[in-house]
Amino acid sequence: MKSLKNYLLYLLILLPLWMMGSTIRPDELTCEYLKKPLGLDVHLPRFSWTLAADKRDQQQMAYELIVADNLEAIQKKKGTVWSTGKVVSEQNIQVVYKGKPLQSFTRYYWCVRVYDKQGKVSDWSEPEWFETAMLASSDWTGQWIGDGSKQFTRDENFYGDDPMPLFRKSFHVSKNMVSARLYVSGLGYYEAYLNGSKIGDHVLDPGWTTYDKQVLYSVYDISKQLSKGDNVIGFMLGNGWYNPLPLRFWGNINMRDALETGRPKVKAMLRLTYRDGTVKTIATGGDWQTAPGPVIRNNIYLGEHDDGRRYDPDWCTVSASSNGWKQAVEVEGPAGVLTAQRQPPIRVTKRIKPVRIRETSPGTFVADMGQNFAGVVGIRVKGPAGTKIVLRYGEDVYPDGNVNVMTTVAGQIKQGNGGPGAPPVAWQEDSYILNGKGVETWAPRFTFHGFRYVEIKGWPGKPTVEDIEGLRMNTDLAEKGQFASSNALFNQLQENIRWTFMSNVFSTISDCPGRERLPYGGDILCTAETFMYNYGMANFYAKIIRDFANEQRTLGGITETAPFVGIADAGPGDQSGPLGFQLGFSYIIKKMYDFYGDKRIVEENYEAVRKQVEFLRTRATQHLLDTDLGDHESLAEKSIPLTASIFYYQQVCLLTDMATILGKGNDATLYANLAKAIKKAIIQKFAQGKGQFGKNTQSDLLFGLWSGVVDTANDEGLWKTLMDAFEEKKGHLSTGIFGTKMLFDVLRSADEYEMAYRIANQRDFPGWGYMVAHGATTLWETWKASDNTFSKNHPMFGSIGEWFFRSLVGINEAAPGFKKIIIKPQPAGDLCHAKGSFQSVYGRIGSAWNINEKGFNLEVEIPVNTTAEVWVPLAYGKEVIENGTPLKDVPELRFLRNERGYAVIAMGSGHYRFATMK
């Protein structure tokens with residue numbers, strides 16, 4: 001009897017514990033990095049989820065995932081198309097779909113549950129969904145249509161008025177609908193309308209691609225915009241990158257010679273699904289109507305000119321007039337494969353009011369927006385019909401207050417060198433002719449500019465700050481990182497970096513939003529990690545990688561820009577780019593793996609990278625190359641053969657890494673041996689003796705150390721030579737864009753954080769502080785300010801932003817996707833606090849520290865299902881405690897060692913508060 005009572009008591013004690021569920025639960029669910037993606041054309045999508053927990057040190061030991069083709073089934077926890085069963089695995093990112101073949105135009109629902117370390121299962125997550133678009137080219141039923149106009153044959157004719165076409169189609173909705181989807185691609189750019197209202201909030205859609213290889217389309221849910229009965233759908237087109245002007249950049253590069261071009265055209269399909277299961281499709285074809293619209297001239301670089309008198313607000317409504325409309329013409333479309341657009345769309349992401357408007361001469365006004373950015377200006381105005389308002393854009397003003405347009409002049413066309421018909425000076429300008437019908441609001445649709453100042457002419461009366469609005473436009477990247485510190489300069493630089501980056505993401509990463517707007521591989525390489533710490537870059541970079549792969553030359557070389565516009569500076573032939581710019585392609589592929597654990601992107605592009613390396617191999621002489629741009633924008637003499645050969649070496653090292661990741665053992669061995677041969681050749685050629693490398697410039701030494709070609713373990717004098725090179729410049733840089741990016745990596749790995757801080761904190765020339773002191777709100781193209789040539793909104797020196805995250809707050813990946821994390825803050829100088837966070841694919845990683853009279857305090861956040869090593873600096877106190885408790889008494893912590901002035905501590909997920917005591 002006593003034993004029975006004891007057993008019952010035992011049950012009473014343990015039963016609540018047995019009834020407790022899992023200590024972890026699924027949190028943010030994504031499919032192909034997206035929440036609720038509306039139009040996927042991926043046959044085997046990948047699923048990811050983060051995990052939440054109320055306790056520290058939690059791991060997922062198994063998961064179960066189900067996918068259904070209807071909501072009712074998923075609510076009953078039945079996977080009609082895929083059910084994994086219990087999968088013993090820690091994997092919670094990049095889980096590849098392995099169910100029944102997916103069908104086009106279908107919404108699928110999915111949810112997941114997870115098992116913790118004790119084997120206890122969580123509740124099922126809330127259902128998420130993804131919807132497929134066209135999974136086969138035959139799913140498209142629409143035709144490309146145009147207005148029947150012919151392309152100009154003489155260059156000078158491109159510069160005259162050329163009204164952009166409108167297209168429309170009436171249709172009838174007779175039954176109750178379940179859903180309505182619009183699939184559309186309009187080249188160069190389009191705006192879509194339904195019953196008089198714009199569809200969606202995208203601008204400058206679709207993203208720019210190599211149109212003879214790939215064309216993007218977007219998907220819109222327009223179910224709520226449709227009316228039962230009669231409806232009208234319509235499109236307004238712009239030239240975009242598909243019909244550029246024949247401008248001669250730098251007097252000789254005409255991008256029309258390199259790009260597939262044509263007259264504006266559109267292909268679209270509206271798919272209506274009714275409650276009775278029937279489907280109705282309205283697709284573009286010869287039965288559509290077309291008419292010229294109010295956009296009378298538009299170009300990406302030179303601007304847009306609209307005539308409000310030509311605009312009929314009813315053009316896309318059931319009450320529209322038929323006057324002036326004719327039948328559209330079915331035309332041949334671009335050769336590229338139509339692909340669903342997965343990178344975030346370009347949107348208006350911020351509205352900016354001028355800080356002041358001044359009249360510089362009678363009838364000429366200059367609005368100061370207070371911030372350099374990319375976008376357009378919108379106006380609110382009332383005046384007589386026919387009044388023409390002209391807006392001219394620039395990054396700076398002259399001493400007399402007038403706008404300086406010269407740093408944003410397209411392609412350095414300043415002396416009539418732009419070709420037949422081109423303006424003598426190719427500045428940025430928009431104009432609008434009033435229709436005189438009350439208060440009018442207007443903004444350009446099919447262009448964008450880089451500017452801070454706007455010259456306004458033709459205004460009826462005087463414009464006020466309430467009449468002018470800056471519309472910042474950019475690819476709408478999700479914010480993933482935050483940084484702040486006790487150093488006001490660094491905080492301002494973080495802001496400047498973000499404004500610069502947002503000015504240069506218009507479906508590609510550009511060098512500047514004014515003069516060139518081109519996606520250079522070198523800029524992409526130098527800014528990759530800074531971008532990835534600050535923003536969600538996965539789908540955007542996947543698009544960039546596809547752009548470069550689409551442009552790969554026949555022999556294997558990678559172009560300087562992608563899309564390729566005909567620029568091939570100092571490359572090894574075959575129209576390929578300089579070595580440092582070619583490296584950008586393979587570099588961001590590897591960074592996609594490092595930051596997101598994306599193995600698929602490596603698989604998809606491995607052969608392209610291998611072909612690229614084999615091409616470079618044929619161009620090398622005794623494993624060395626001697627053609628390159630070198631350390632672009634360096635202040636010191638360049639060592640072209642050295643940098644070219646090291647870039648080649650890095651290409652081969654990256655290919656070796658990719659072969660290893662994919663388990664291609666033979667290739668890994670082959671290219672590891674090639675890398676060794678290149679390294680040996682570089683050392684023999686450029687290592688002149690102990691402590692000597694190349695010309696001993698900062699750039700040469702950093703190239704050698706960053707690449708691993710040379711190291712201080714074998715040559716201790718190298719470090720002294722590098723430090724001497726910095727001292728010679730009194731702690732200033734002489735590096736260009738590549739050496740500057742390498743600088744912070746090299747100094748971080750050597751714990752030379754005081755020198756890194758000294759360099760970053762300089763307030764005079766050359767340095768970031770010098771830019772800020774001279775009024776910069778974005779980063780400059782060169783260390784020295786320019787008033788007539790170089791851009792003041794250039795991202796390539798933004799690599800310092802990576803240092804904020806990797807060094808100052810110390811967040812670093814130690815395994816793909818940050819599955820393992822190293823947090824190693826490097827406080828330096830007079831910095832007394834810093835904090836930062838990064839939303840990884842596993843969850844939020846946080847690091848915040850401060851120094852006070854008692855010691856050093858560090859708070860960290862580690863996501864569930866990851867592990868970390870936290871390095872606590874011992875310079876401010878030798879005894880480390882966690883939340884007031886000695887380390888040995890905290891069960892979730894494991895002290896590993898003291899190393900290089902840090903206490904190194906291993907841990908699992910959770911929030912931790914460390915402090916050192918003197």
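The basis for the numbers below is simple: all heavy atoms, side chains too, and nothing from hydrogens, waters or symmetry mates.
Residues meeting the side-chain contact (heavy atoms from CB on, under 4.5 Å) test with Pro816, sequence neighbours left out: Tyr593. Here Asp628 pairs with Thr643 under the side-chain hydrogen bond (donor to acceptor under 3.5 Å, both in side chains) rule; sequence neighbours left out.
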For a quick test of your reading: what N or O donor-acceptor pairs under 3.5 Å do the side chains of residues 671-683 make, sequence neighbours left out?
| unit_1 | atom_1 | unit_2 | atom_2 | d |
| --- | --- | --- | --- | --- |
| Tyr671 | OH | Glu614 | OE2 | 2.6 |
| Asn673 | ND2 | Thr669 | O | 3.2 |
| Lys679 | NZ | Gly708 | O | 3.2 |

**Message:** Go through it in stages, so that I can follow the logic: the residues are Tyr520 and Glu560, the test is side-chain contact (heavy atoms from CB on, under 4.5 Å), and I'd like the CA-CA distance, side-chain angles, deciding distance and then a yes or no.
**Reply:** CA-CA 6 Å; Tyr520 286 98; Glu560 187 167 346; 3.4 Å; yes
**Message:** Working note: Val565 + Phe249, criterion side-chain contact (heavy atoms from CB on, under 4.5 Å); need CA distance, chi angles, decisive distance, verdict.
**Reply:** CA-CA 10 Å; Val565 296; Phe249 273 47; over 6 Å; no
**Residues Ser799, Glu529; criterion side-chain contact (heavy atoms from CB on, under 4.5 Å); working and verdict** = CA-CA 8 Å; Ser799 52; Glu529 288 96 332; over 6 Å; no
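Using a 4.0 Å cut-off between a side-chain N of Lys or Arg and a carboxylate O of Asp or Glu, Arg452 and Asp396 do not qualify as a salt bridge. Using a 4.0 Å cut-off between a side-chain N of Lys or Arg and a carboxylate O of Asp or Glu, Arg619 and Asp574 do not qualify as a salt bridge. Ionic pairing of Lys720 and Glu727 is not present here: no N-O contact between side-chain nitrogen and carboxylate oxygen is shorter than 4.0 angstrom. A salt bridge links Glu781 and Arg515; the closest N-O separation between the charged side-chain nitrogens and carboxylate oxygens is under 4.0 Å. In summary, Arg553 and Glu551 engage in a salt bridge, as defined by a charged side-chain N under 4.0 Å from a carboxylate O. Ion pairing between Asp700 and Lys695 fails under the 4.0 Å rule for side-chain N and carboxylate O. For Lys741 and Glu802, the salt-bridge test passes: some basic side-chain N is under 4.0 Å from an acidic carboxylate O.
Although no hydrogens or angles enter the test, the distance criterion places a donor-acceptor pair under 3.5 Å between the side chain of Lys638 and the main chain of Leu629. Judged by distance alone, the side chain of Ser786 and the main-chain N or O of Phe790 form a donor-acceptor pair under 3.5 Å. With hydrogens and angles disregarded, a donor-acceptor distance shorter than 3.5 Å links the side chain of Thr777 to the backbone of Asn372. Under the 3.5 Å distance criterion, the side-chain polar atoms of Asn812 are matched with a main-chain donor or acceptor of Arg806. Side chain of Tyr301 to backbone of Glu516: a donor-acceptor contact under 3.5 angstrom is found. Distance alone, capped at 3.5 Å, is enough to place a donor-acceptor pair between the Asp631 side chain and the Gly736 backbone. Judged purely by atom type and a 3.5 angstrom limit, Asn605 has no side-chain atom pairing as donor or acceptor with the backbone of Ala608. Listed for the Glu752 side chain is no donor-acceptor partner under 3.5 Å among the backbone atoms of Ser749. A donor-acceptor pair under 3.5 Å is formed between the side chain of Thr721 and the backbone N or O of Gly691. At distances below 3.5 Å, not a single donor-acceptor pair connects side-chain atoms of Arg248 with backbone N or O atoms of Asn254.
Side-chain polar atoms of Lys414 and Gln412 form a donor-acceptor pair below 3.5 angstrom. Using a 3.5 Å distance cut-off with no hydrogens or angles, the side chains of Asn504 and His794 do not pair a donor with an acceptor.
Taking the centre and axis of the six-membered ring of Tyr541, the NZ or CZ atom of Lys591 falls outside the cone set by 45° and 6.0 Å.
Counting heavy-atom neighbours within 6.0 Å of Glu603 CD, excluding the residue itself, gives a total above 12. Within a 6.0 Å sphere centred on NZ of Lys729, heavy atoms belonging to other residues, nucleotides or ligands number 12 at most. No more than 12 heavy-atom neighbours from other residues, nucleotides or ligands sit within 6.0 angstrom of CD on Glu637.
In this structure, Phe647 has its ring center closer than 6.0 angstrom to the ring center of Phe703. In this structure, Trp241 has its ring center at least 6.0 angstrom away from the ring center of Tyr211. For Phe490 and Phe483, the distance between ring centers is not under 6.0 angstrom. Aromatic pair Tyr533/Phe595: ring centres closer than 6.0 Å. A distance of 6.0 Å or more separates the ring centres of Trp768 and Trp780.
One distance of note links OG1 of Thr782 with CD of Glu633; it measures 6.0 Å at 0.5 Å rounding.
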